[in-house]
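Read the structure below first, then the notes.
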Amino acid sequence: MTETPKINDFVIRFANVNGTGSASANFLFTKAIYRMGIPVSPKNIFPSNIQGLPTWYEVRVSEKGYLARRDGIDIVVCVNPQSMANDVKSVRSGGYFLYDNTKMLYQQFIREDIHYIGIPLTKLCNEAFTDARQQQLFKNIAYVGALSVLLSIEFNVFEDLLAEQFKGKEKLIPFNIKALNLGADYIKENYNYPLPLRLERRNLIGNKIMVDGNTACGIGAVYAGATVVSWYPITPSTSVIEAFEEYSSKLRKVKESGENKVAIVQAEDELAAIGMVIGANWNGARSFTATSGPGLSLMNEFLGLAYFAEIPAVLIDVQRTGPSTGMPTRTQQSDVLEAAYASHGDTKHILLFPSTPTECFDLTAESFDLAEQLQTPVILLTDLDLGMNDHICEPFNWDNSRKFKRGKVLHAEDLEKIERFGRYLDVDNDGITYRTYPGTHPTKGSYFTRGTSRDEYAVYTEDGAAYERNMRRLSKKWETAKNMVPAPHFYQKENKSKFGIIFFGTSRYACEEAIDIMNNQGVMLDAMRLLSFPFSQQVHDFINSHEQVFVVEQNRDAQLRSLMLIEMNIVPQKLVSILNFDGMPLTAEKVISEVDKVLKKELSQLN
Amino acid sequence: MTETPKINDFVIRFANVNGTGSASANFLFTKAIYRMGIPVSPKNIFPSNIQGLPTWYEVRVSEKGYLARRDGIDIVVCVNPQSMANDVKSVRSGGYFLYDNTKMLYQQFIREDIHYIGIPLTKLCNEAFTDARQQQLFKNIAYVGALSVLLSIEFNVFEDLLAEQFKGKEKLIPFNIKALNLGADYIKENYNYPLPLRLERRNLIGNKIMVDGNTACGIGAVYAGATVVSWYPITPSTSVIEAFEEYSSKLRKVKESGENKVAIVQAEDELAAIGMVIGANWNGARSFTATSGPGLSLMNEFLGLAYFAEIPAVLIDVQRTGPSTGMPTRTQQSDVLEAAYASHGDTKHILLFPSTPTECFDLTAESFDLAEQLQTPVILLTDLDLGMNDHICEPFNWDNSRKFKRGKVLHAEDLEKIERFGRYLDVDNDGITYRTYPGTHPTKGSYFTRGTSRDEYAVYTEDGAAYERNMRRLSKKWETAKNMVPAPHFYQKENKSKFGIIFFGTSRYACEEAIDIMNNQGVMLDAMRLLSFPFSQQVHDFINSHEQVFVVEQNRDAQLRSLMLIEMNIVPQKLVSILNFDGMPLTAEKVISEVDKVLKKELSQLN
Amino acid sequence: MTYLRPKFRHPELEKNKLGYTINYYEGALSTLCAGCGHDSISAAVVQACYEMNIEPHRVAKLSGIGCSSKTPTYFLSNSHGFNSVHGRMPSVATGANLANKELIYFGMSGDGDSASIGMGQFVHAVRRNLRMIYIVMNNGCYGLTKGQDSATADKGSISKAGSNNRFEAIDMAALALELGADFVAQSFSGDKTQLIPLIKAAINHKGFAFINVISPCVTFNNNVGSTKSYDYVRQHVDATATIDYVPPAAEIRTSYNEGSSKRVTMHDGSYIQLHKLENSWDPQSRQSAMNAIHEARNRNEILTGLLYLNSQTEDLHHTLNTVSQPLNTLNETDLCPSAEALNSINNSFR
Amino acid sequence: MTYLRPKFRHPELEKNKLGYTINYYEGALSTLCAGCGHDSISAAVVQACYEMNIEPHRVAKLSGIGCSSKTPTYFLSNSHGFNSVHGRMPSVATGANLANKELIYFGMSGDGDSASIGMGQFVHAVRRNLRMIYIVMNNGCYGLTKGQDSATADKGSISKAGSNNRFEAIDMAALALELGADFVAQSFSGDKTQLIPLIKAAINHKGFAFINVISPCVTFNNNVGSTKSYDYVRQHVDATATIDYVPPAAEIRTSYNEGSSKRVTMHDGSYIQLHKLENSWDPQSRQSAMNAIHEARNRNEILTGLLYLNSQTEDLHHTLNTVSQPLNTLNETDLCPSAEALNSINNSFR
Ligand SMILES: Cc1ncc(C[n+]2csc(CCOP(=O)(O)OP(=O)(O)O)c2C)c(N)n1
Ligand SMILES: Cc1ncc(C[n+]2csc(CCOP(=O)(O)OP(=O)(O)O)c2C)c(N)n1
Ligand code: SF4
Ligand code: SF4
Ligand SMILES: [Mg+2]
Ligand SMILES: [Mg+2]
């Protein structure tokens, strides 16, 4: 252990068996680091099953605030004999392998170039606890205790966290403390500590919070005033609705009566879920659903109806690795093309791309405004990494004076003033027409909603000219939308390079890190993070003002780049794809090496 | 009637009420022209209802063999008071309006610039027939009789046609002849005839046949050996299956036992239809379904499964006007983008674009070979115009020695020779792997098919590297497909212009006519008709070798052009869209005027 | 269809309690085939709403796709209508109903729309006890796509094209009963005197009210050999009882023979008066209703009338315990927690 | 689950008539939770196939998505398997069966897979009388997505998270009966002696054979208050009869008390011997079976065993009158009409 100390900069991976209670111990570990004011970022790598298979929890600690996944694991904590062979291999040379040495390590797991830290976790816990469940559970807490010593985590931080966690069940705290100490004491007695890789308190977090994106979406929908919610369970989107349900039941119950100012229905499938959303929005309630790839596929027909009949709808698609069932517990950004043009015929949908839980909150809230203002589906594309992993981010923010933007709706008073109501009449010349809610007025404002073609007064027609007028108006609405959707985020006041880089969603973390690193190496890239589709003039301008633009995405087929080619008439050679699609979150290394390839080629062409 | 005669060159439109038996009279009219050796092309413009609404049948006669729809109607035959106001308007100046003058024409229907030919159809038929149904029905035959005189249709052609039609029911023939004569005699007695617009026997048809595309698809599937067929009724695809059923029952029944060498199931919906197709193909039977837009949308999830699990499937999508229910009885080519990338995740599908019934037959047969060779869905994109209208085309052709190409399938003998069967092992380095049918061998060759990721041996895995290998292999298969799909059709041996034009499917008729006309005017365009997606090198080369390329499509969003941009990295400015999307088949005039706009601009830039 | 609406209206048409004449309840002119059973059902809806003194704009009409699904256009033109996608009306209606519990929801569907592509949604709408009137216009075929057999076509029924259906029929009423529907009725489009009171009772029912109406397709399934033709149905109808719907506090207009008569009271005091009851059938026993249907089926008869009613029903809003105000009327103040609440949420993530 | 398969096998394992020991019928190691009911069902399938002397490669195993749908991986590793998409196994099985009528088709599904997203396809597979063994592993919840209530969860059942289900349960067996299924059974994953003969009889049935198996989810729905927990089910099971499946020409191994015993003969002379019969229940009467289920339900009991069997069943191939050879074995000569035939088709279009 002669390495020079490295403070607040390592990756540690916990190798567990799912269903054994390791999740809360691992979270305790991460939260403690957060509480010490140090940027930290965990990734849960779990199997598509319920119990008994290998599961990993990877935590990156970064003084610099780099929150992307990073290759090269410094420390592995392995309590799963099932995956041990591979776990040993996964440690970087010079790294640490912490394991349960109650049983002796197999000879073949011994590597010369890494450090082994054996702790008899099973033995310690079997001796310290009598209940079998506790013996199993507290092994996890014990290794956290061991790490507290090895990595210098402040013990009182754990005490605080446990006190909060077990509020109301205080008698559980001493057991946990005991387990922490089991591990901690064993290290103190048997090893040199702390490790050269270790932690030191900082003040780098500020008022930031640590939360997952799905929870943020759920809370965002509560604040946006969603009242009718229908969904069908599917990983990794389920927890969006769970969060919505949890916060609704806290914040939307009438105290006296226990009645709910919300209706949440578990649908029989995704077709029904989006159907209910469409029915509710048609009837004037804000309504949304959440799903993942297979569900999105099933919603195609209804999304086309909502586009053509012009009904608001909010859909949160938490993307996972496709195609088909694919890898349901791995991340990807591969529903972009499907979401953008879902359904047969000429259809286009608004997309929003949050990159942090904070943005999940903000954009979810905004999606309802956009859907109602534009009277069309809005699809929020997040992903498993954002949705199910905890992220450190800005706190949520709400202005009490904020009003819901309900779009162009005519009420009884308005109708009284109108000669003849034309549901699809482009009065304002922006492609957006006025609607009424059912039940508004005895004799004015009723109309027929349909997926078939109709004229400006919502009367069924098969007249080609009327059909074409309507389709052109929808295109005009699309143009209007370009100025209404959230603007891209630019990382520079003025462009300074002939190279640009474009990314969206969770690629943000790796890209920001990569840009920073390249910057330090003297390679300058202008950067733009997209928040929405369709693309506004600003997006055109950014691309136009660079010679070469990298487009970073987490899918195989360069789907966002495809949208750019289709919608913006960009010379394709200008857009160089950086693609990551193995289901693991993107790393900065990957971005840098892909950028390097192009720059090297350019250099070599110069020579 | 002082116009100089125009031989074999006019458009006539019949304005009827649907459900009144006009279809067979109108067909008789068209068939007679075909039998006179004159190119003729009918279009049925019918409402999305069963009875009592206006329906039109438009027939173009063209000595030059132009079979596209043409604007500017020369003659309207109107027996529907409902639509008379508009029908009168629709006649070109100088044209003819033939109507039932049993009741007097309203004053407001009188135009100065057209000719009126009143025939008391109702009166004549009421006098000549006693049965109410006959009185109604034979009005239609009577106007055909009138036209035979006005346009010089040979009467014995009708006699032949009626003899064929009523084989076995010969006693109906005299009634029809009588009705024909009613109309014919009335004209002879009351008007000058023939009209300056008229017919003359030619020999321009050769051995061509007259048939609709859906029938051709159905026959193609019989010849291709489809044995399991599942479908859900939807206009305009229903008649594909009806034809398959009809010809199967003629050609696939065991004579002695009446047993069927085919299983046709009307599914409960389109999800089930494609599910059955996938199950049957998985189990080694050739199987297909047919649908239209809404059905395609519903098949998204299953198409992704078939792509990823690599199961052959043939899907015939007879496109209609979208989005949503849209105009179900109008034509469009607007499912291109949806079909190409159907399903969430990274997915791509083979598309075939027939343009004539002959190609419907050929490409349907070929689609089964391609699906089995490539182990992936193949989607035949036809449309309502092609599928439901009669077209004059080359006869169907089949080589008795032709074998079904069943692709890479291992049988028991093959498996005996193999150490370990790897379902997803790329043995031949073309991305296409070997499969086995269930039940092949007691101990070798069984494997698990799934929509989740797996390794080369079909074992479930969540390993990112294995997943990525598989996805890259699928991309390789896509490359292989480029050289297997039908090649584009070129209209010139050598390019002779800096302008190219690309089209597919039913745009063919209008484009060929437009090219011919422009050619005669000295404007040269090189032309390429696409038959398939993905695009082969030839397609690239054609585009690369022209400065400007027109891309003709019948949709709003330039969907084929989108595929070109995405898949071929083409500079978008090179591809100029010509879009027709009002639900009516494209005309040459439209193509010419759009091309003209660009050429004029170019000229004006030169000045 | 006739394409010119007769302009002449009798000037002294009777007005209902709201002051509306019956033509106020009509819709656009039907484009269905002349004689289509579906048009009679639309007319029955018009009549029932008129007689029940319903404000048309407080009705929402929803449907899927099919000839039957076109009918909402042909009644109550002052109501909002929604012609959605094939087979998915139940989900759209569920969302709509959740948004506003105060409207009356008519779901108009066909046998293709509900028994094939829509089967899943139908089953789950029943299970959720969504408050609505759900009418299946059952013609045993797919009218709009030109006459294919549907899943309710009886085994052995002959289609117009002459083919013999070889599959067992799905009995929608029996299915609804098995799935727990609390209002199940069956009728015939040709029998207005039965259909109108059934629709009225359905409107008044506080949960999912299902009426399976045999509604002949004159164009594709009215031939000899079809078990859904007018003639066949007329000959094989077996009514459980004749039926009168009596609104709350209305006077009893008829007196019935005690022995064969029964009164089923609804939640608000209105009641359904049944007379000439079938033997051994109790409209308030699910089991008895199921047995009656099955026995009629065995006799090749179609049991019509009210089959089962449980007025103690609890609809989806009750199950979800939603507030009494319609959800679509709640605004920012009602729905949006404060910035302060958000701060304490933020704190919980620190 | 245990991730190391015990290597040791008793060397003298008994061989069946084909010469295979039971381990030849096993599949990959299960990754389900230790104690999951589904694993017992897999084991029962293994045992039944072994005892029925079935060639594993003549079996095809199909499923949707869910813990239950994973089971085909865990039995008969020499069979082809197809883990399709959620809720759509019935259609895939239909296509597969049409392609090759000679294989034995196992469809393994869950209550989410069949009663929610798959309801439409389930209903229509029953209606078509597809020859297959269809097993719903019914745990009243969505195991794989972590325990949400399913549509078969009983009203009032308490989930692990403590919530009280407020919706009526769908009774899959009663539904199958109503839809006309000719083989309907119900069982409990904890009762192998009942399940194995049921599976054997199902394999032998010449049409759609449905077995609804209550199969507790130990992880999410085995708590007190759940009506699908091991304890609850064990206490509330009410068997129609004990059951033995006797293959054709096998000797009768037991003699039964005449009064309470019944023999149901299948198409090939094999039979099901039922003893200790429930009163007033006739396994060959659909009506009696439905009444028995409903009555048991009213008593809060789960009726298990064979519920109904009609051995005179006619499956989909019979309905479609397909040739006896499997369709997937037909080749060009069988299928492709000649060029000459095409010429006469061409002529018909001239
Ligand atoms: C997804 C989809 N598939 C198919 C169709 C075509 N389609 C329109 S109506 C209909 C069936 C209508 O039958 P039914 O519901 O019984 O109504 P009916 O016309 O008999 O009243 C079908 C299959 C469609 N519109 N959408
Ligand atoms: C289209 C689609 N929607 C949702 C899911 C997510 N999903 C996977 S399994 C499952 C439910 C499984 O429940 P069940 O069929 O009862 O099986 P169990 O796990 O309880 O055995 C769901 C909803 C999916 N895979 N596909
Ligand atoms: S086709 Fe049949 S169902 Fe449709 S409108 Fe005509 S009669 Fe009615
Ligand atoms: S979660 Fe439940 S159903 Fe799934 S494997 Fe575990 S016990 Fe079985
Ligand atoms: Mg119908
Ligand atoms: Mg389940």
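Protein chains get the first letters and strands the later ones, always in sequence-line order, with residue 1 at the start of each.
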Is the shortest heavy-atom distance from the side chain of [X] to the side chain of [Y] under 4.5 Å?
X: B:N300; Y: A:E338; answer: yes
X: A:P294; Y: B:S343; answer: no
X: B:S562; Y: A:Y341; answer: no

Look at [options] and state which one has the largest set of heavy-atom pairs under 4.5 Å with chain A.
options: B:T321, B:N470, B:T461, B:V336; answer: B:T321
options: B:R472, B:R454, B:M568; answer: B:R472
options: B:A306, B:G322, B:S334, B:S475; answer: B:S334
options: B:I45, B:T452, B:D317; answer: B:T452
options: B:Q559, B:M299, B:R320, B:E567; answer: B:Q559

Identify which part of [X] has an atom lying under 4.5 Å from any heavy atom of chain A, answering side chain, backbone, both or neither.
X: B:F302; value: neither
X: B:I570; value: backbone
X: B:L337; value: side chain
X: B:R450; value: neither
X: B:S292; value: neither
X: B:Q573; value: side chain
X: B:F581; value: both
X: B:E462; value: both

ask   = A:E301 side chain to B:G295 main-chain N or O, any donor-acceptor pair under 3.5 Å?
value =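 Not confirmed, A:E301 side chain does not pair with B:G295 backbone.
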ask   = Hey, is the main chain of B:S324 close enough, under 3.5 Å, to the side chain of A:H344 for a donor-acceptor pair?
value = yes
I need the [X] [atom1] to [Y] [atom2] distance, nearest 0.5 Å.
X: B:L298; Y: A:S297; atom1: CG; atom2: OG; answer: 11.0 Å
X: B:Y467; Y: A:M327; atom1: OH; atom2: CE; answer: 6.0 Å
X: B:L563; Y: A:I566; atom1: CG; atom2: CD1; answer: 7.5 Å
X: B:K348; Y: A:R556; atom1: NZ; atom2: CZ; answer: 6.5 Å
X: A:R330; Y: B:S453; atom1: CZ; atom2: OG; answer: 8.5 Å
X: B:N555; Y: A:M471; atom1: CG; atom2: CE; answer: 9.0 Å

message = Which heavy atom of A:S48 sits nearest to which heavy atom of B:Y460, and what is that distance?
response = CB-OH, 3.6 Å
task = Would you mind checking which part of A:R469 comes under 4.5 Å of any heavy atom in chain B, side chain (CB onward), backbone (N, CA, C, O), both or neither?
result =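 Neither the backbone nor the side chain of A:R469 comes within 4.5 Å of chain B.
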Part of A:M584 within contact of chain B (heavy atom distance under 4.5 Å) =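 Contact with chain B: none, neither part.
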Chain B interface, residue from [options] that has the most non-hydrogen pairs under 4.5 Å:
options: A:G304, A:A342, A:G326; answer: A:G326
options: A:N569, A:L565, A:D335; answer: A:N569
options: A:G451, A:G464, A:P47; answer: A:G451

Donor + acceptor pair across side chains of B:D346, A:Q332 (<3.5 Å) =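 There is no such pair between these side chains.
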